[in-house]
Amino acid sequence: MNVLARLRRQMLVALREIAPEAEVAPLAEMVTTAQDARFGDYQANCAMPLGKLLKRPPRDVAAELVAKLDTQGMCHPAEIAGPGFINLKLNDAWLTAQLQAAVADPRLTVTPVEQPRTYVIDYSAPNVAKPMHVGHIRSTVIGDALYRVLKFIGHRVISDNHLGDWGTQFGMIIYGYKHFRDESAYQDKPVDELSRLYRLVHRIIAYYEGRDELPILETKVAAAKEACEKLDRVASDKLDKDALKKLDKDKKRAQDNAASVAGEWNALQSKLAAEEADAAFIDLARKHATIQTAVLTETAKLHAGDAENHRLWQEFMPPCLSAIEEVYRRLGVTFDVTLGESFYHPRLAEVVDDLAKRGLARESDGALCVFLEKFAAPMIVRKKDGAFLYATTDLATIRYRMQTWQPDAILYVVDHRQSFHFEQLFALAQIWDCAGVELRHISFGTVLGKDGKPYKTRSGDTVGLTGLLDEAVSRARKIVDDAEKGAPRGQELNHEARAHIAEVVGISAIKYADLTHDRNSDYEFSYDKMLAMYGNTATYMQYAYARVRSIFRRGEIDVDALRQSGAKLVLVEPAERALARQLLRLEEALEQTVADYRPNMLTAYLFDLADAYSTFFEQCPVLKADSPTTRDSRLLLCDLTARTIRQGLELLGIPVVEQM
RNA sequence: GCCCUCGUAGCUCAGGGGAUAGAGCAUCGGUUUCCUAAACCGGUGGUCGCAGGUUCGAAUCCUGCCGGGGGUACCA
């Protein structure tokens, strides 16, 4: 039941009687949840602008709207406050009846959308050739949550993992395999060995790139220094106030720039020095001085159908895929289809031909480019060496998705740094093959470390995803064990139970911490914060759930029997009513989540629900209630709370534990 | 240079036209013969980066500026 939507619909009816039709829709949208419980449960703010429009006192308009508003029994007679706020309070009898219906409803009265759409969601998309790392959390977790929510509210949704399984990384491990492989290690643990090879090849390439970069940086340092000196020489006594101000600003900029370039040079210098101190590595690097081009050659051979490279690719894929699968298994993430870059390879030439044929692409500096008016830089679809790019694959992918699923929307859950790419891609797609389709870049910010910079290990390496999960689980385990050592409760948990709780709590902490932040913001990664027992964390939500469930265990209540018993809900205490009202808002929360594809709307709802439950739990004894009627009613509230939390967490991709 | 983003309490973050701007942490104080204290209740703490503008009403929308991050022709 979406109370808000129904109230808006009714308000629309009332508005039609007194306002011009063109103005009616946005005015009806001005019904919202109340800002403050003192104002009731919902409020309508449309009387003020409408009063302005009709040149009538807003309070009069409000009064007329109230008179014409039929809340269909949902609310008490509305009250008018302040300049013309219309405050709506849910009728307790109606509220009770709604929840009573939820007791027997597996969907908790969430009704499927009236007009289902078809969505394709593109998320996670790791590179197969290298281990998944911290950067994959957000896309995977946000994408999975959106997938679940959209599907739950009744849309047709296809999740597609667009794997990076065809790019330069494969050239790198093929090169590594051919030159550096430890055969027994490869036979023993192929993924570990391939990942070692990837890192080794990457390290050598980085070393050579660094050596190429160093002189460039040196000239930059010199140029920056000179720019500073030049500004210092400017005769400031001849300048007026504004020009002086500008000069100071320019100086500061120049100095900042000089400092940052010098810093870069320093960092690179010491990094290269460190590499050069490693005699064995340098020896290896010297023997593979042409590695940069050699890797590209291996990649090109793979793409051209070279028998050996293709065989190696086929050999590498299964173990790499199963390593990735293992991570998804722990995260509880699944995909309907997994169509990586390799799948689209045979379709790229056709895409490029089509673009050229339709006059959308033309050659420039040897590359085939699409120039769109809006953008300063062209979109390159074929390099001058004939190779295709990211953009080409994305275009082929869009076309395939259009042909295969005829989606109404395609969502790309990809980090914000690629927004320019998507702007171009969507602009082109609209004039090319898929006008009218909602193409959305669901962008998200960066996971930061304590220093406010992208989260890295102490040595500056990217953090592997598996290690990250392990760490969270081991910290969760410590918390579980510590809690067990504390106040004895007579319900000791055995080793297996604790291990299971730690796995669930640890991993859900990471997922929830990610989902609870606005996706556009960067956020600081902190095990301590995400595993905290207070505040908006998965641990707290899990605990809230376990605490509800504990009542049923302690009271030896048969929940199914309770639900079918016909026991009546009765709302008496303010805490009961507040909880009830919150329980009935699940559908509103889901709608908000989907409106701009923001899972933090759902976590916020769940946290508020847990909060309402906590107050209820403190103030309203359940098992020791005064009467059997009150007890049953409260048990029903507990059951609905537990189910709503479980359902909500499940929609976020987070399982629950019955006991902690 | 241009484009995109962010700037809210000491810290980490919500709130994205409505009434007195919220939460958690930190800090100060209170609550356990009582269903999980891994909890709850209360206090302290804010010129919502700055300046204009639109509006009956701006943290929220617009413009400019300041500051952080990101992107900007053959990587993905």
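Proteins get letters first, then strands, A, B, ... in listed order; numbering begins at 1 in each.
- In this structure, A/Asn600 reaches the B/G15 phosphate: one of its side-chain N or O atoms is under 4.0 Å from OP1 or OP2.
- The backbone N or O of A/Ala377 sits less than 3.5 Å from a side-chain atom of A/Gln424, completing a donor-acceptor pair.
- Contacts of A/Pro621 with the nucleic acid, taken as non-hydrogen atoms under 4.0 Å apart, include base atoms.
- Residues meeting the ring-ring contact (aromatic ring centres under 6.0 Å, His included) test with A/Tyr605, sequence neighbours left out: none.
- Separation of the C1' atoms belonging to B/U72 and B/U12 is 32 Å when rounded to the nearest angstrom.
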Pairing annotation in dot-bracket form, given for RNA chain B with Watson-Crick or G-U pairs under 3.5 Å and | for cross-strand partners: (((((((..((((....[...)))).(((((.......))))).....(((((..]....))))))))))))....
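- Taking a cutoff of 4.0 Å between a charged side-chain nitrogen and a carboxylate oxygen, A/Lys456 and A/Asp451 do not qualify as a salt bridge.
- Using a 4.0 Å heavy-atom distance criterion, A/Asp528 is classed as making no nucleic acid contact.
- Distance noted for atom P between B/C6 and B/G15: 11 Å (whole Å).
- Between the NE2 atom of A/His441 and the C1' atom of B/C4 there is a distance of 11 Å, rounded to whole Å.
- As judged by a 4.0 angstrom heavy-atom cut-off over every strand, A/Leu623 is placed among the base-contacting residues.
- Residue A/Asn87 is in base contact, counting any heavy-atom pair closer than 4.0 Å across all strands shown.
- Glycosidic conformation at B/U32 (O4'-C1'-N9-C4 for purines, O4'-C1'-N1-C2 for pyrimidines): syn, within 90° of 0.
- Within the 4.0 angstrom heavy-atom criterion, base atoms lie near A/Ala546.
- Across all strands shown, A/Met379 has no heavy atoms under 4.0 Å from either base or sugar-phosphate atoms.
- When the C1' atom is used for both B/A9 and B/G49, the distance is 15 Å, rounded to whole Å.
- Here B/A23 is the nucleotide among B/A23, B/G70, B/A73 with the atom lying nearest to any side-chain atom of A/Phe607.
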Report the C-alpha separation of A/Tyr613 and A/Phe616 in whole Å, then their side-chain angles, then the decisive distance to 0.1 Å, and conclude whether the ring-ring contact (aromatic ring centres under 6.0 Å, His included) test is met. CA-CA 5 Å; A/Tyr613 178 75; A/Phe616 162 83; 5.7 Å; yes
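- A 4.5 Å side-chain heavy-atom check between A/Met379 and A/Leu372 finds every atom pair outside the cut-off.
- Nucleic acid contact for A/Phe420: sugar-phosphate only, since backbone atoms but no base atoms lie under 4.0 Å from a heavy atom of the residue.
- Looking at heavy-atom distances under 4.0 Å, A/Cys369 makes contact with a base.
- Residue A/Arg549 has no polar side-chain atom (N or O) positioned under 4.0 Å from OP1 or OP2 of B/C35.
- Mapping A/Gln418 and A/Phe371 onto RNA chain B by nearest heavy atom places A/Phe371 closer to the 5' end of the strand.
- Between A/Tyr344 and A/His162, the ring planes lie tilted relative to each other; the angle falls in the 30° to 60° range.
- Across all strands shown, A/Ala387 has no heavy atoms under 4.0 Å from either base or sugar-phosphate atoms.
- Under the 4.0 Å criterion applied to side-chain N and carboxylate O atoms, A/Asp481 and A/Arg498 are assigned as salt-bridge partners.
- Backbone-only contact: A/Lys529 has heavy atoms under 4.0 Å from sugar-phosphate atoms and none from a base.
- Contact between the side-chain N/O atoms of A/Ser550 and the OP1/OP2 oxygens of B/C35 is not found at any separation under 4.0 Å.
- Within 4.0 Å (heavy atoms only), A/Ala367 reaches at least one base atom of the nucleic acid.
- A distance below 6.0 Å separates the ring centres of A/Phe525 and A/Tyr527.
- Remark: the separation of the C1' atoms in B/A73 and B/C61 is 36 Å, to the nearest Å.
- Note on A/Arg554: a side-chain N or O is less than 4.0 Å away from OP1 or OP2 of B/U36.
- For the contact set between residues 35-50 of chain A and RNA chain B, defined by any heavy atom under 4.0 Å, the members are A/Gln35, A/Arg38, A/Phe39, A/Gln43, A/Asn45, A/Met48, A/Pro49.
- Distance from the side chain of A/Glu618 is smallest for B/C40 among the nucleotides B/G16, B/A37, B/C40.
- With A/Tyr412 as the partner, the ring-ring contact (aromatic ring centres under 6.0 Å, His included) test is satisfied by one option alone out of A/Tyr123, A/Tyr597, A/Phe426: A/Phe426.
- Contact check, A/Thr446 against B/G69: no side-chain N or O comes under 4.0 Å of OP1 or OP2.
- Both A/Glu524 and A/Asn127 lie near RNA chain B, and the one whose nearest nucleotide falls closer to the 5' end is A/Glu524.
- Among the heavy atoms of the strands lying under 4.0 Å from A/Met601 are primed sugar atoms or P, OP1, OP2 only; no base atom is included.
- Backbone-only contact: A/Tyr540 has heavy atoms under 4.0 Å from sugar-phosphate atoms and none from a base.
- Here A/Ser526 lies out of heavy-atom contact (under 4.0 Å) with every strand.
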